[in-house]
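Some notes on the structure that comes next.
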Amino acid sequence: MTSAIYTGTVVHQRFRPKPHHLRYRVFCLSLDLDELDGLSQRLTLFKRNRFGIFSFHDADHGALDSEASLKDWVYGHVRSLGHDTAGLKVEILCYPRLFGYVFNPLTVYYCGDAKGQLVAILYEVCNTFKERHTYVIPCLGQGETVRQSCPKAFYVSPFLPPEGDYHFKLTPPAERVSVHITETLPEGKVLFAGFDGTRVPLSDKALLKMLLTYPLMTLKVTVAIHFEALRLLLKGLRVYSHTPAKHRVASSLSGVAAGGD
């Protein structure tokens with residue numbers, strides 16, 4: 001089974017206009033799309049598209065108001081890059097719903113071909129205005145570390161300007177996983193955000209341990225976002241107003257992919 005739990009630490013470091021740092025212990029699930037129904041049947045604590053102590057709902061991701069499945073939505077993006085989807089494997093790194101609630105600031109889709117080579121990565125970003133944008137970036141090389149970049153196209157934080165660039169550095173899920181994102185402006189780095197985690201086999205016993213170790217974690221993610229926003233306000237950071245997106249859910253096929261290390 002490919003699907004697993006990853007326990008680790010989320011770190012945010014702001015560099016300008018005033019330094020700010022946070023660090024939280026969290027866990028994520030890495031879910032193979034082809035294993036979701038089997039996991040829902042085999043596990044007592046995990047369910048797909050219905051209530052469970054832990055659950056994954058397709059509607060939390062991908063397109064809205066579409067008859068296409070989540071898998072078809074991912075496949076459509078991969079085909080738009082010119083890749084064949086025969087034998088394509090998709091793993092999703094995200095927070096699960098916990099007692100029916102989740103907020104995923106970032107969901108990462110790792111798309112690998114039949115030979116196990118990554119062909120694309122999708123970065124699905126959500127903000128607190130119930131909008132989401134997916135950056136679709138091809139992989140032009142394979143290695144232990146994947147490096148990619150793309151222009152920012154989506155309002156996320158009220159304390160960051162709408163323009164800028166994202167630079168991604170990832171270690172795909174294996175015994176460890178890492179997702180590092182650096183946001184830059186012409187004057188330099190403004191934000192680093194990263195998650196580093198260690199693999200734990202996915203089982204009811206492991207999920208129960210997550211429940212006891214990280215109670216109400218998904219709610220705490222939202223609370224932490226607002227708590228840190230209050231701290232930034234007290235530091236006197238400028239607030240950039242939010243203009244509602246033309247489309248609540250959007251995607252962009254863009255980005256620069258570099259070879260792996």
Side-chain angles (χ1 to χ4, degrees), residues 1-12 22-36 38-40 43 45-49 52-62 70 74 89-112 118 121-128 132 134-135 144-146 148 156 166 168-181 192-225 228:
M1 185 177 66
T2 303
S3 300
I5 301 168
Y6 284 89
T7 63
T9 304
V10 166
V11 174
H12 281 213
L22 67 87
R23 178 185 295 266
Y24 292 108
R25 294 285 300 174
V26 298
F27 75 91
C28 295
L29 296 186
S30 177
L31 299 170
D32 186 322
L33 275 185
D34 292 328
E35 294 178 352
L36 283 173
L39 290 170
S40 184
L43 297 173
L45 299 181
F46 177 87
K47 300 302 173 186
R48 181 185 190 183
N49 292 332
I53 295 178
F54 297 88
S55 61
F56 177 89
H57 287 224
D58 294 34
D60 294 334
H61 306 276
L70 179 59
V74 176
K89 180 178 179 180
V90 181
E91 296 180 51
I92 305 175
L93 186 69
C94 65
Y95 296 134
R97 286 196 184 199
L98 186 54
F99 294 106
Y101 178 81
V102 71
F103 175 68
N104 266 294
L106 174 67
T107 299
V108 183
Y109 300 72
Y110 303 87
C111 306
L118 283 174
I121 296 178
L122 280 58
Y123 302 89
E124 185 178 64
V125 182
C126 295
N127 63 22
T128 55
R132 61 181 183 246
T134 302
Y135 300 92
E144 293 184 0
T145 302
V146 177
Q148 298 174 310
V156 179
Y166 290 132
F168 304 99
K169 180 181 177 183
L170 293 85
T171 302
E175 286 307 306
R176 293 189 57 80
V177 69
S178 67
V179 180
H180 294 176
I181 305 170
F192 168 83
F195 170 70
D196 292 276
T198 301
R199 188 180 192 275
V200 176
L202 182 52
S203 65
D204 278 323
K205 181 178 180 181
L207 288 172
L208 179 59
K209 183 177 180 180
M210 295 302 107
L211 180 65
L212 297 175
T213 306
Y214 308 93
L216 301 179
M217 187 201 72
T218 54
L219 179 60
K220 289 180 180 179
V221 170
T222 301
V223 172
I225 288 172
E228 297 300 333

- Are the aromatic rings of H180 and F192 close, with centres under 6.0 Å apart? yes
Give me the atom names and distance for the closest heavy-atom approach of [X] to [Y].
{"X": "H57", "Y": "N49", "answer": "CA-OD1, 3.3 Å"}
{"X": "E91", "Y": "S30", "answer": "OE1-OG, 3.5 Å"}
{"X": "N127", "Y": "F103", "answer": "O-CE1, 3.4 Å"}

- For L170 and Y110, what are the C-alpha separation, side-chain angles and deciding distance, and is it a side-chain contact (heavy atoms from CB on, under 4.5 Å)? CA-CA 10 Å; L170 293 85; Y110 303 87; 3.7 Å; yes
Any [X] side-chain heavy atom under 4.5 Å of [Y] side chain:
{"X": "V108", "Y": "I92", "answer": "no"}
{"X": "L43", "Y": "L202", "answer": "yes"}
{"X": "Y6", "Y": "V200", "answer": "no"}
{"X": "R199", "Y": "P173", "answer": "no"}
{"X": "I121", "Y": "V146", "answer": "yes"}
{"X": "P105", "Y": "V221", "answer": "yes"}

Do [X] side-chain atoms and [Y] backbone N/O form a donor-acceptor pair below 3.5 Å?
{"X": "Y123", "Y": "F168", "result": "no"}
{"X": "R132", "Y": "G62", "result": "yes"}
{"X": "E35", "Y": "S3", "result": "yes"}
{"X": "S40", "Y": "L36", "result": "no"}
{"X": "D204", "Y": "L45", "result": "yes"}

- Give the intermediate values and the outcome of ring-ring contact (aromatic ring centres under 6.0 Å, His included) for residues F27 and Y214. CA-CA 8 Å; F27 75 91; Y214 308 93; 5.5 Å; yes
I'd like to know if the side chain of [X] pairs up with that of [Y] as donor and acceptor (distance under 3.5 Å, no hydrogens or angles considered).
{"X": "T222", "Y": "Y101", "result": "yes"}
{"X": "K169", "Y": "S178", "result": "no"}
{"X": "E124", "Y": "Y109", "result": "yes"}
{"X": "T9", "Y": "R23", "result": "no"}

- Task: Would you check, one step at a time, whether the test ring-ring contact (aromatic ring centres under 6.0 Å, His included) holds for H12 with Y24?
- Result: CA-CA 9 Å; H12 281 213; Y24 292 108; 8.5 Å; no
- Item | Residue pairs passing the salt bridge (charged side-chain N to carboxylate O under 4.0 Å, His left out) test where at least one lies in residues 99-108, sequence neighbours excluded | none
- Item | Steps toward side chain to side chain donor-acceptor pair (under 3.5 Å) verdict (Y135, Q148) | CA-CA 11 Å; Y135 300 92; Q148 298 174 310; over 6 Å; no
- Item | Reference residue R176; test side-chain hydrogen bond (donor to acceptor under 3.5 Å, both in side chains); the match among T171, D196, T198 | T198
- Would you please test K89 and D34 for salt bridge (charged side-chain N to carboxylate O under 4.0 Å, His left out) and show each step? CA-CA 8 Å; K89 180 178 179 180; D34 292 328; over 6 Å; no
Positive for side chain to side chain contact (heavy atoms under 4.5 Å, CB included) with [X], one of [options]:
{"X": "F99", "options": "I53, T218, L219", "value": "I53"}
{"X": "F195", "options": "V177, V11, I181", "value": "V177"}
{"X": "F56", "options": "L39, L70, V102", "value": "L70"}

Return the [atom1] to [atom2] distance between [X] and [Y], rounded to the nearest 0.5 Å.
{"X": "M210", "Y": "L29", "atom1": "CE", "atom2": "CG", "result": "9.5 Å"}
{"X": "L216", "Y": "L211", "atom1": "CG", "atom2": "CG", "result": "8.0 Å"}
{"X": "L93", "Y": "T107", "atom1": "CG", "atom2": "OG1", "result": "8.0 Å"}

- Query: Do other residues, nucleotides or ligands put more than 12 heavy atoms under 6.0 Å from K220 NZ?
  - Reply: yes
- Task: Determine, step by step, whether C111 and V74 satisfy the side-chain contact (heavy atoms from CB on, under 4.5 Å) criterion, reporting the C-alpha distance in whole Å, the side-chain angles of both residues, the deciding distance to 0.1 Å, and the verdict.
- Result: CA-CA 8 Å; C111 306; V74 176; 3.7 Å; yes
- Message: Determine whether R48 and D58 satisfy the following criterion, side-chain contact (heavy atoms from CB on, under 4.5 Å), listing intermediate values before the conclusion.
- Response: CA-CA 8 Å; R48 181 185 190 183; D58 294 34; 2.8 Å; yes
- Message: Does Y95 form a side-chain contact (heavy atoms from CB on, under 4.5 Å) with L106? I'd like the steps, not just the answer.
- Response: CA-CA 9 Å; Y95 296 134; L106 174 67; over 6 Å; no
